2 protein chains.
Amino acid sequence: MSAPASKSPATLHDVAREAGVSLATASRSLNGSARKVNEDYRQRVVEAAQRLGYTTNLFAQAVAKGSTTTVALLVADIADPYFSSIAAGVIDAASEERLVVTIAVTGRDAQRELDTVRALRGQRPRVMILAGSRTTGSAFEAELRTELSSFEDTGGKVAFISQDAAPFATVLLDNRGGARDLAVALAELGYRDFAVIAGPAEIRTAQERLDGFSAGLAEHGISLPAERIIHSDFTRDGGYRGAQELLASGARVDLVFAVNDVMAVGVVSALRDAGIAPGEGIGVAGFDDIPTVRDITPALTTVRIPLEDVGRRALQLATGSAYGAPDAGGGPGPIPTETIIRGSTPRR
Amino acid sequence: MSAPASKSPATLHDVAREAGVSLATASRSLNGSARKVNEDYRQRVVEAAQRLGYTTNLFAQAVAKGSTTTVALLVADIADPYFSSIAAGVIDAASEERLVVTIAVTGRDAQRELDTVRALRGQRPRVMILAGSRTTGSAFEAELRTELSSFEDTGGKVAFISQDAAPFATVLLDNRGGARDLAVALAELGYRDFAVIAGPAEIRTAQERLDGFSAGLAEHGISLPAERIIHSDFTRDGGYRGAQELLASGARVDLVFAVNDVMAVGVVSALRDAGIAPGEGIGVAGFDDIPTVRDITPALTTVRIPLEDVGRRALQLATGSAYGAPDAGGGPGPIPTETIIRGSTPRR
DNA sequence: ACTAACAGAGAAAGCGTTTACCCAGCGCGT
DNA sequence: ACGCGCTGGGTAAACGCTTTCTCTGTTAGT
């Protein structure tokens, strides 16, 4: 009979009254507690809660307990498959531990990233995962570290994805090694004249991949002249424009490496729009192995990163739910990468 | 001198003491308040906060105010570009209003969706946005509605995306009309023998698109026999398998319509793997206009939905920050769709 | 000069939880 | 019989904020 259509949600108080027990007993029966409570009572409380449509107010709980069930995830762009795949992993792992994930986007803007971290600290998240593209030499870098350190000092845990950001825990991606292996594999396929669409110079991931690629080529005695390195946005359109620029330069090239897959997709489209058949005229390779690159034509050669696992692992690393202590460096070494040769780079 | 490296974050209390003012004054200076506070004091407080690295504890604030700054977003799969684009819109609009977005994934499972809604209610979000694929005839449908109603009774606001879910606010997508227009356009291009890879029968979005498409064909006197409708998963792999099944049936078809783009991408790959050139042998069309379909070959004909806008609008609809009252139905009618003809459906 | 009106600081009562502490009842060993 | 340790319910004090209300000091009106 008790219609719950009141103006504000039922409180634990209401439940206790309804069940005829004390607040303490109600709390103990509904949300776990070290103390036992008589099964009869427990039953009564649970039923009362049911009847009133009670749900624990997580905020109040957090205040009382002094700890939350929140995880904050920062990404550069949630619509980018790279980040959304990572997010999927984080969310999945989080829900296993009954944690709630809040996502914020930074748009690859260091200032905004800093602001976001500050704002998110207000949530007192258990964990903060930074998947955004780390930049080098940003004036905000130091401030960010300070902010994060003080977050850790006050009981939070931070995890980075991609580059080592000691002293913070990191899920290391072997950007350098992966790119090197790719370069070697391509050289062995017979490619000789390379160009790289490299993304902004200050994005560390981009830089590492470029370095690794260049190193791999060097092992085969192939050099990568500076004019064959084109910096552009870390996005699909950046890749597209980078390829256009390359073409306009008149350079003779038999393979274009874009430092990530979304850029590579842009490259493929740009080549095609310029009347060049990707994979026949010029080979194209990317990095990340986002889902779509299997489905474009030709399928893209790339370096595979198990993105969802990376997200999952970042969370586990931070919560310490795997690999022993959360501060054990970065778990068992960097995430392995794998070179995947597909149709976009046939043997020459 | 005051090193903040304590074990727990600075509280407003600490700030007040540091600044030599009362708690009330500190609160008023840091977080907005109707009351004015002397500029001298305000300054002192702000500096003290700065010095101590204070950030408002949002949870405590929420408890005290009885209202939160949280928005909950439920999606079927965050790695799916359809949902991640919508999420991007929601997050963008939310951050404009200084709201924080928590994302949960339901995996198209009605039971899990219900559980998630229940769990999320504990967060007392201002708004709950359901972008998951609504299903029909689910046993959980009624329970879900009850749960959501009681959420609204206690001051929350819910917004659906896609199908009308009266009495809840909805950002209506014109699935039916869009599919109809597409069918008409394709018929006018000269296609005659259609098949549809239709997704699970119980997903409403899928069903509406199928119906609309079929109606459009009917206008041109073309019928869509039941054996040309293949139900499969609402995913890329679902599309792939659906196309395989279609091919195996030996049906003569000149156009395959997949009810969403990720499925269409699967269809394209399946055709190609079967040695059929998509766009030449058989036309392919999708629905949604996710970013990738411009970049596959041939570029995919589809029905465009401004996904980010949809997300943005869902949030605004729920917070009432646009189009007058939040309960004004669904704002200014359904989101317009647009048929986009690309290379995958050349004139026959 | 005297009071009315107003500003604005501070004290204290919430907000919805958890949990330390108190205390009654009970079974047990001596 | 008696004390003692458990068990487990209840009371009340936190938790970190906001906000109502009280109260003092100013300003202005007559």
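Keep in mind that what you see is a predicted model, and the values were worked out from it rather than measured. Labels below follow one simple rule: chain letters A, B, ... track the order of the sequence lines, proteins then strands, and each chain is numbered from 1.
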Go through the steps for A/Ile78 and B/Ile91 under the test side-chain contact (heavy atoms from CB on, under 4.5 Å), then give the verdict.
-> CA-CA 9 Å; A/Ile78 187 66; B/Ile91 292 178; 4.2 Å; yes
Atom [atom1] of [X] to atom [atom2] of [N]: distance rounded to whole Å?
X	N	atom1	atom2	value
B/Leu12	D/dG16	CG	C1'	8 Å
A/His13	C/dT18	NE2	P	14 Å
B/Leu52	D/dG16	CG	P	14 Å
A/Asp40	D/dG9	CG	P	10 Å
A/Leu23	C/dA20	CG	P	15 Å
A/Leu30	C/dG16	CG	C1'	13 Å

Check whether any side-chain heavy atom of B/Leu74 lies under 4.5 Å from a side-chain heavy atom of B/Met128, and answer yes or no.
->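 Yes, side chains in contact.
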Over 12 foreign heavy atoms within 6.0 Å of CD, B/Gln50 |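 No - once you tally the heavy atoms of other residues, nucleotides and ligands closer than 6.0 Å, there are 12 at most.
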Can a donor-acceptor pair be found between the side chains of B/Arg124 and B/Ser67 at a distance below 3.5 Å?
->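 No, B/Ser67 and B/Arg124 have no side-chain donor paired with an acceptor closer than 3.5 Å.
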Donor-acceptor pair, distance only, cut-off 3.5 Å: does the side chain of [X] make one with the backbone of [Y]?
X	Y	value
B/Thr116	B/Arg112	yes
B/Glu141	B/Thr136	no
B/Ser149	B/Arg145	yes

Taking the inter-plane angle between the rings of B/Phe168 and B/Phe160 on a 0 to 90° scale, is it parallel (under 30°), tilted (30 to 60°) or perpendicular (over 60°)?
->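 The rings of B/Phe168 and B/Phe160 sit tilted, inter-plane angle from 30° to 60°.
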Check DNA chain C against residues 56-71 of chain B and give the residues with a non-hydrogen atom under 4.0 Å, in numerical order.
->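 Correct list: B/Val63, B/Ala64.
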Out of B/Arg118, B/Arg134, B/Arg108, which residue meets the side-chain hydrogen bond (donor to acceptor under 3.5 Å, both in side chains) rule with B/Glu113?
->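 By the side-chain hydrogen bond (donor to acceptor under 3.5 Å, both in side chains) criterion, B/Glu113 pairs with just one of B/Arg118, B/Arg134, B/Arg108: B/Arg134.
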For B/Thr11, which contact category applies under a 4.0 Å heavy-atom criterion: base, sugar-phosphate, or nothing?
->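 It contacts sugar-phosphate atoms only.
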Ion pair A/Arg42/A/Glu39, N-O distance below 4.0 Å =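 A salt bridge links A/Arg42 with A/Glu39.
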Distances for protein N/O vs nucleotides 25-28 of chain D N/O pairs under 3.5 angstrom?
none

For nucleotides 5-9 of chain C, tabulate all protein N/O to nucleotide N/O atom pairs closer than 3.5 Å, reporting atom names and distance.
{"residue": "C/dA9", "atom": "OP1", "partner": "B/Asn38", "partner atom": "N", "Å": "2.9"}
{"residue": "C/dA9", "atom": "N7", "partner": "B/Arg35", "partner atom": "NH2", "Å": "2.1"}
{"residue": "C/dA9", "atom": "N6", "partner": "B/Arg35", "partner atom": "NH1", "Å": "3.0"}
{"residue": "C/dA9", "atom": "N6", "partner": "B/Arg35", "partner atom": "NH2", "Å": "3.1"}

Heavy-atom closest contact (A/Ala62 atom, B/Phe59 atom, distance) |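 Between these two residues, the closest heavy atoms are CB-CD2, 3.0 Å.
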